[in-house]
K.L.:
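Once you've had a glance at the structure underneath, I'll fire off some questions.
These numbers come from the heavy atoms of this one structure, side chains and all, not from hydrogens, waters or symmetry mates. Keep in mind it's a predicted model, so treat the numbers as computed, not measured. In each ligand, atom 1 is the first atom listed, and ligand 1 is the first ligand listed.
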Amino acid sequence: MSNLNKILLNKTNCKSIWFMRQAGRYLPEFKKIRSKNQDFIKLCLNSELSSEITLQPIKRFDLDSAIIFSDILMVPYALGQDVRFTKGFGPKLGDFNLNEFLKIEENDFSNKLSPIYKAIDITRKKLTKSKSLISFIGAPWTLIFYMLNLKKSQGELNLLKLHDKKLLNQIIEILINFLCIHIKNQINAGADVIQVFDSWAGLIPKENLSEYCFMPNEKILNFCRKQKIPTICFPKGIKEKYEDFNKIVKPDGINIDPEIDPVWAREKLKNVVIQGGLNPNILLKADEDIIRGATKYIQTFKGIPYVFNLGHGLLPETDPDKVSRLIKFYRKFNG
Ligand code: CP3
């Protein structure tokens, strides 16, 4: 069994390290491929290139897991919405059309995403047995944030669009169904673990956290549990509500964000493997700062299962040599 799976399923105290966004723009070898492939969606649907990009950080660094090169927005794409990535602006989605959304058939959805499943198959065959291949989905709320264009300005929500509760709940239920299909397809293709990104959970008004974050994550996790699929959840930004989230959703692993005090997490997050936490900004600083930051997490979680990772994805400005030195430090520290 691969290293990460052992930790998640058997709660063994073995060591494991990988990084969110480890395949991406901070790597010159990725930038080279990207510059020749302007259409990001097409790149994600190129199975050979997707597999190659997934393996780039594995070739360069001593990491325990690979994460498939894809995007959470491939699901709205497969559900018929126009998805574009423009330089400097991030993702931009076309107008949401409920009638079109309701018409999508499960077979068409899976067919549209089949190149991702092929990429997983190719990658799993090239990866040694001890390394896990992680696949992922965006949680319904985080997808809706993009699908309904809820962003008003930095950190602010367009609350007007949240008034139609009936519509929101309808979209959530449909997304849950398709996300479970996407999870199952990825596992059937060879993925070992599923990470659920709820990157914008921190923007949900407190009184709605249960219906827009806990409930959808719980339903997806119930599906995974029935199918014995190992899971890691990342409800970013929900502060002390991480404790309720963990009790209700019960994932195998939970990624903490940089706002969560690791000492608090160790005390409050029980029956779960904690992952991550280190602020990715620290990797832009001097080596001493990086080592100090990493030491805090390694020390705090000493003696319990902990997966070393960050509190969010690696930033594009990150120097790959700093990543390499951090991994070497982690290995040395853990003997
Ligand atoms: O290495 C990996 O982690 C695997 C690949 C991966 C990508 N996106 C590739 C990507 C993963 C796991 C994601 C998840 C994702 N995508 C999330 C959840 C994690 C998080 O960061 O919060 C979200 C919210 C998205 C949506 C998204 N996709 C955004 C906001 C952007 C643009 C800004 C950014 O951070 O890059 C993308 C584009 C994207 N996804 C790129 C990559 C490598 C950059 C594309 C480019 O080269 O321009």
K.L.:
Checking F329 now: which residues fulfil ring pair (Phe, Tyr, Trp, His ring centres under 6.0 Å) with it, not counting sequence neighbours?
P.N.:
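Residues passing ring pair (Phe, Tyr, Trp, His ring centres under 6.0 Å) with F329: F333.
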K.L.:
From E218 CD over to F245 CZ, what is the distance, rounded to the nearest 0.5 angstrom?
P.N.:
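Going from the CD atom of E218 to the CZ atom of F245 covers 9.5 Å.
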K.L.:
Taking all non-hydrogen atoms of both residues, which atom of A294 and which atom of L278 are closest, and how far apart?
P.N.:
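In this case the closest contact between A294 and L278 is N-CD1, 3.9 Å.
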K.L.:
Collect the protein residues that have a non-hydrogen atom under 4.0 Å from ligand 1 and hand them over in chain and number order.
P.N.:
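Shell around ligand 1 (4.0 Å, heavy atoms): M20, R21, Q22, A23, R25, F30, R34, F40, I67, I68, F69, S70, D71, I72, F85, G90, P91, F136, Y146, F197, S199, H312.
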K.L.:
Please tell me whether F308 and Y297 form a close aromatic pair, meaning their ring centres lie under 6.0 Å apart.
P.N.:
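Ring-ring flag for F308/Y297: false, centres at least 6.0 Å apart.
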K.L.:
Can you list the other members of the hydrophobic cluster that holds L284, where links are side-chain heavy atoms under 4.5 angstrom apart?
P.N.:
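Besides L284, the hydrophobic cluster comprises L315, listed by chain and residue number.
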K.L.:
For K239, enumerate each residue passing the side chain to side chain contact (heavy atoms under 4.5 Å, CB included) test, keeping only those at least two apart in sequence or located in another chain.
P.N.:
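By the side chain to side chain contact (heavy atoms under 4.5 Å, CB included) rule, K239 matches E259.
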